[in-house]
Amino acid sequence: IYGIKKIKNKFVERQLGYNIFSHKHALSIYKDELLNTFLAGFKQDRVLKEFDKKNIDFLINNKSYRGSRHKKHLPVRGQRTHTNAKTIKK
C-alpha cells in the first residue's frame with residue numbers, strides 16, 4: 001500500500017494487534033473492515049501521490065532551488081552529483 005511504511009505499520013500493529021503486510025490475505029471480514037476504517041484517516045495511494053505532486057509543482061512555480069532541482073531531475077537534498085547521481089539522472 002503506497003503511503004504505509006514501517007512507522008505507520010508499527011502504529012497499526014500496536015492499535016489493532018496484527019501486522020498489515022504479513023496477514024493481509026488471512027484477515028477475516030470483520031478485521032478487514034476494521035483495518036479499512038482505521039486507515040481511512042491516513043492519506044494513501046492516489047490522494048498521497050496527488051499531494052506529493054502538488055508540493056513539487058509548488059516548489060517549481062515558486063522558482064526555489066529545490067524546485068529547480070526537481071525540474072532538472074537532479075538530486076534535491078544536496079547529494080553529490082559528480083559521480084553518484086546516475087540513477088536519478090536517467
Side-chain angles (χ1 to χ4, degrees):
I1 303 172
Y2 185 81
I4 304 294
K5 305 284 188 225
K6 289 181 183 178
I7 295 171
K8 284 186 185 174
N9 184 30
K10 293 226 185 238
F11 180 71
V12 170
E13 191 173 356
R14 282 190 208 120
Q15 294 292 324
L16 301 179
Y18 56 89
N19 190 340
I20 296 173
F21 299 115
S22 64
H23 299 124
K24 180 65 177 161
H25 62 281
L27 291 177
S28 66
I29 296 171
Y30 171 73
K31 285 188 176 181
D32 193 29
E33 290 176 4
L34 185 65
L35 178 65
N36 288 336
T37 56
F38 187 78
L39 291 178
F42 296 112
K43 290 181 184 175
Q44 53 187 336
D45 292 333
R46 183 178 47 88
V47 176
L48 185 59
K49 287 180 184 179
E50 288 175 3
F51 181 74
D52 290 343
K53 179 68 176 150
K54 285 180 184 177
N55 284 340
I56 291 171
D57 288 342
F58 175 77
L59 290 172
I60 291 171
N61 291 335
N62 262 357
K63 297 183 180 174
S64 67
Y65 180 74
R66 284 177 54 205
S68 68
R69 301 295 281 184
H70 274 294
K71 193 173 183 179
K72 295 174 189 175
H73 300 286
L74 291 170
V76 177
R77 297 184 179 173
Q79 294 92 336
R80 179 180 170 89
T81 57
H82 182 68
T83 58
N84 292 339
K86 290 176 177 53
T87 57
I88 200 162
K89 284 184 183 178
K90 286 185 179 182

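Below, each value reflects all heavy atoms present in this structure, side chains not excepted, and no hydrogens, waters or symmetry copies. Everything quoted here is computed from the prediction, not taken from an experiment. The chain is numbered in sequence order, starting from 1.
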Quiz item: Taking R69 for the side chain and L74 for the main chain, is one N or O donor matched with an acceptor at less than 3.5 Å?
Solution: no
Practice problem: I would like to know whether E50 and R46 meet salt bridge (Lys or Arg N to Asp or Glu O under 4.0 Å); could you show each step before the answer? | Solution: CA-CA 6 Å; E50 288 175 3; R46 183 178 47 88; 3.6 Å; yes
Quiz item: Going through the distances and angles, do N62 and F58 end up as a side-chain contact (heavy atoms from CB on, under 4.5 Å)?
Solution: CA-CA 6 Å; N62 262 357; F58 175 77; 3.1 Å; yes
Quiz item: Which heavy atom of Q79 sits nearest a heavy atom of R77, and at what distance?
Solution: OE1-N, 3.2 Å
Quiz item: About how many Å separate CG of D52 and CG of D57, when rounded to the nearest 0.5 Å?
Solution: 11.0 Å
Quiz item: Which atoms form the tightest heavy-atom contact between G67 and I60, and what is the distance?
Solution: O-CG1, 3.4 Å
